[in-house]
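Report on the structure given below.
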Amino acid sequence: MSVLIVGSTALDSIKTPKAENPRLLGGSASHAAVAASFFSPVKMIGVVGEDFPKKYLQLYRRHKIDLAGLQILPGKTFHWSGEYEANMNNRRTLLTELGVFETFTPTLPKPYQATPFVLLANIAPSLQHHVLDQMARPKFVVADTMDLWLNIALTDLLKLIKRLDGFVLNDSEAQQLTKEDNVFAALKKIHTLGPKYVIIKQGSHGSILSGPRGFFLCPAYPLPKVVDPTGAGDSFVGGMMGYLASARGSIDDNLRRAMIHGSVVASFCCEGFGLNRTAKLKRTQIEQRVRELETLTKF
Ligand code: AMP
């Protein structure tokens with residue numbers, strides 16, 4: 001089955017203590033779509049400006065991502081810039097220029113509307129609503145978010161959370177949303193907002209699922225060196241949704257394995273700037289790390 005993904009399609013300028021890379025292919029939808037494409041067909045919704053390099057469109061095409069929902073409009077592509085501290089965990093946003101995203105209200109191409117798996121990757125909750133409004137009875141809807149939307153669009157976000165099967169956020173966002181320091185207390189509170197499945201991401205410490213079968217502690221792949229973690233969260237949720245769409249059986253049966261696959265794709269994402277490493281990835285390399293994680297966590 002296929003996955004529909006909406007989110008940002010961006011140019012990212014990223015600074016780490018060791019290097020600086022301007023105008024890389026980025027955005028939540030780009031990272032999530034490439035990650036999902038290793039497992040399932042992907043339909044992407046986004047918008048870029050006329051400044052968007054052709055080589056980035058080719059990268060999407062190499063991953064067989066359906067671009068019927070990607071608009072190219074006069075104006076500038078969304079541009080985000082961030083700087084990492086030496087620990088490669090703490091990040092400061094230096095710049096966010098919405099460009100053509102400012103007024104983006106897409107009409108979904110007809111074949112998109114019946115996509116069974118929907119990932120509302122990080123973008124304004126109003127846009128996530130707008131896309132979900134146009135879907136015909138999807139099987140499984142998951143959304144991701146970021147602190148910005150908790151700060152400036154909380155009402156919209158709370159309405160969206162009610163409509164989801166699964167909600168994915170990171171630990172500091174969960175704390176901000178629930179006012180709970182304890183991650184398990186936060187998970188419990190987020191269920192009361194609507195979703196059956198809640199996943200809290202903890203960066204290099206992995207992620208925690210809470211669902212009908214209880215908790216699942218999903219490890220991060222142990223990396224001795226992180227080059228650039230930008231997009232790791234998007235790769236995680238994209239890989240997870242791609243795997244779920246490809247698997248037979250129920251969501252409950254497959255979700256844990258799906259998270260492991262997402263976690264592995266995210267680990268590759270951290271090993272290169274932007275999408276440089278992920279874009280060269282092979283399915284066999286993913287499966288190798290999945291087996292390693294299996295060995296590492298068996299007792
Ligand atoms: P992550 O590292 O998983 O938090 O995701 C980083 C990605 O989010 C980058 O590729 C950015 O282009 C994208 N991003 C940053 N700010 C925003 C925003 N306000 N809305 C949507 N996407 C954003």
Side-chain angles (χ1 to χ4, degrees), residues 5-16 21-36 44-49 52 56 59-60 76-85 88-102 104 119-128 130-131 142-153 156-157 160 168-174 176 199-204 207 220 226-241 262-263 265-279:
I5 298 178
V6 63
S8 54
T9 37
L11 296 174
D12 284 354
S13 297
I14 299 165
K15 220 169 157 180
T16 68
N21 272 287
R23 297 170 77 79
L24 296 162
L25 175 58
S28 57
S30 305
H31 281 282
V34 172
M44 192 165 79
I45 301 165
V47 62
V48 295
F52 194 68
Y56 294 162
L59 189 151
Y60 291 143
K76 289 203 163 153
T77 302
F78 180 110
H79 183 203
W80 175 81
S81 171
E83 180 175 13
Y84 287 89
E85 288 176 17
M88 294 303 282
N89 234 343
N90 299 347
R91 177 171 84 190
R92 206 158 56 92
T93 290
L94 302 174
L95 168 119
T96 306
E97 287 172 339
L98 287 181
V100 287
F101 257 104
E102 204 142 358
F104 182 54
L119 173 56
L120 309 168
N122 172 33
I123 195 70
S126 56
L127 181 52
Q128 293 175 312
H130 180 74
V131 168
V142 168
D144 191 0
T145 194
M146 73 185 289
D147 54 353
L148 175 69
W149 312 119
L150 289 163
N151 293 332
I152 69 166
D156 273 355
L157 182 62
L160 181 84
V168 179
L169 68 176
N170 72 28
D171 40 13
S172 60
E173 292 153 7
Q176 187 179 344
I199 295 172
I200 294 184
K201 298 173 286 180
Q202 299 181 307
S204 57
S207 56
V226 170
V227 174
D228 168 23
T230 308
D234 311 309
S235 304
F236 165 76
V237 71
M240 180 188 94
M241 287 297 275
S263 181
V265 182
S267 73
F268 284 107
C269 172
C270 293
E271 289 183 306
F273 266 95
L275 272 151
N276 290 351
R277 177 70 187 97
T278 319

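Both ligands and their constituent atoms are indexed starting at 1 by order of listing. Everything numeric here is computed off the predicted structure, so don't read it as measured data.
Partners of F268 by ring pair (Phe, Tyr, Trp, His ring centres under 6.0 Å), not counting sequence neighbours: none found. Residues passing the ring pair (Phe, Tyr, Trp, His ring centres under 6.0 Å) test with Y84: none are found, sequence neighbours excluded.
Looking at W149 against ligand 1, only its side chain comes within 4.0 Å, counting heavy atoms. Residue-level proximity to ligand 1 for L148 is carried by the side chain, the only part with a heavy atom below 4.0 angstrom.
In this structure, the side chain of S207 does not engage the main chain of I200 through any donor-acceptor pair within 3.5 Å.
Residue T230 has no N or O atom closer than 3.5 Å to an N or O atom of ligand 1. Residue G231 has at least one nitrogen or oxygen atom sitting less than 3.5 Å from a nitrogen or oxygen atom of ligand 1, judged on distance alone.
Distances below 4.0 Å separate heavy atoms of G27 from the following atoms of ligand 1: 9 (C), 10 (O), 12 (O). For ligand 1 and A10, the ligand atoms under 4.0 Å from any heavy atom of the residue are 12 (O). Listed by number with element, the atoms of ligand 1 under 4.0 angstrom from any heavy atom of G26 are 10 (O).
For atom 18 (C) of ligand 1, the closest non-hydrogen atom of the protein is M146 SD, 3.5 Å. Looking from atom 5 (O) of ligand 1 to the surrounding protein, the closest heavy atom is D234 OD2, 2.8 Å. Ranking protein heavy atoms by distance to atom 10 (O) of ligand 1, first place goes to D12 OD2, 2.4 Å. At the top of the distance list for atom 4 (O) of ligand 1, counting protein heavy atoms only, stands R91 NH2, 3.1 Å. Scanning the protein for heavy atoms near atom 15 (C) of ligand 1, the closest one is W80 CD1, 3.3 Å.
Proximity of D12 to F273: side-chain heavy atoms (C-beta onward) are nowhere separated by under 4.5 Å. Counting only heavy atoms from C-beta outward, the side chains of K201 and D144 approach each other to under 4.5 Å. Between L150 and L157 there is a side-chain heavy-atom pair separated by less than 4.5 Å. Put simply, the side chain of L275 does not reach to within 4.5 Å of the side chain of L24, judged on heavy atoms.
Between Y60 and F52, the ring-plane angle classifies as parallel under the 30° and 60° cut-offs.
Between S28 and S8, the side chains place a donor N or O and an acceptor N or O closer than 3.5 Å (distance only, hydrogens not considered).
Here the shortest heavy-atom distance to atom 14 (N) of ligand 1, taken over S8, A32, A121, belongs to S8.
A heavy-atom separation below 4.0 Å is found between F78 and ligand 1.
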